[in-house]
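Some notes on the structure that comes next.
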Amino acid sequence: MPRKSNKKSSSRKANTNRTRSTDATETTVTRTIVAKPKPVTNVITEEREITTEPEVEIRRPATLSQALTQPPIAVVKPKTTVRKVQRSTRRVA
């Protein structure tokens, strides 16, 4: 099987030389400078805030006979609440 060559034809080179003009032209090159953004990583920190607050519960007697003999009792229970806080900061990588 014959292989194709990657060489350009000589006629193509000849055509480009003929089409060039000999007139002197002035070309102006303008370049815009764009600041490249630096690579940035997002750092996410997750914290848990655990707070313990007292909660007052009033315990009443269950039946009528208990209600006539026993008074209601106030009980203090610790109530914990957990709250997640996410903070995201950007840092240059």
Side-chain angles (χ1 to χ4, degrees):
M1 192 185 274
R3 298 178 112 190
K4 291 184 178 180
S5 65
N6 291 334
K7 295 181 182 179
K8 294 182 181 178
S9 65
S10 61
S11 63
R12 194 175 225 186
K13 288 182 183 178
N15 286 340
T16 57
N17 289 335
R18 287 183 204 148
T19 58
R20 288 186 186 163
S21 63
T22 57
D23 296 335
T25 58
E26 185 175 321
T27 58
T28 311
V29 178
T30 58
R31 294 183 183 174
T32 56
I33 299 172
V34 178
K36 291 183 181 179
K38 294 180 181 179
V40 174
T41 57
N42 289 335
V43 179
I44 299 173
T45 57
E46 184 175 297
E47 295 178 352
R48 291 184 179 172
E49 292 182 359
I50 301 172
T51 57
T52 306
E53 298 173 345
E55 182 182 16
V56 178
E57 181 181 293
I58 298 173
R59 292 188 180 171
R60 294 192 170 92
T63 61
L64 180 61
S65 63
Q66 288 176 343
L68 294 173
T69 58
Q70 299 172 358
I73 301 169
V75 179
V76 178
K77 289 183 170 181
K79 182 180 181 182
T80 59
T81 57
V82 179
R83 200 176 92 199
K84 290 183 181 180
V85 177
Q86 286 186 346
R87 296 182 187 141
S88 62
T89 57
R90 287 187 165 188
R91 183 175 57 161
V92 177

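Predicted, not measured: the structure shown is a model, and the values here were computed from it.
- By the 6.0 Å contact criterion, CG on L68 is enclosed, its count of non-hydrogen atoms from other residues, nucleotides or ligands being greater than 12.
- The distance from the NZ atom of K79 to the OG1 atom of T52 is 11.5 Å, given to the nearest 0.5 Å.
- A side chain to side chain donor-acceptor pair (under 3.5 Å) check over residues 67-77, counting only residues at least two apart or in different chains, returns the pairs E57-K77.
- The salt bridge (charged side-chain N to carboxylate O under 4.0 Å, His left out) test applied to R83 returns E49, not counting sequence neighbours.
- Put simply, OG1 on T89 and CZ on R87 are 10.0 Å apart, with the number rounded to the nearest 0.5 Å.
- The CD atom of E53 lies 9.5 Å from the CD atom of E55; values are rounded to the nearest 0.5 Å.
- Taking each heavy atom of A67 and P61 in turn, the nearest pair found is N-CB, 3.5 Å.
- Taking OG1 of T81 as the reference point, atom CD1 of I50 lies at 9.0 Å (rounded to 0.5 Å).
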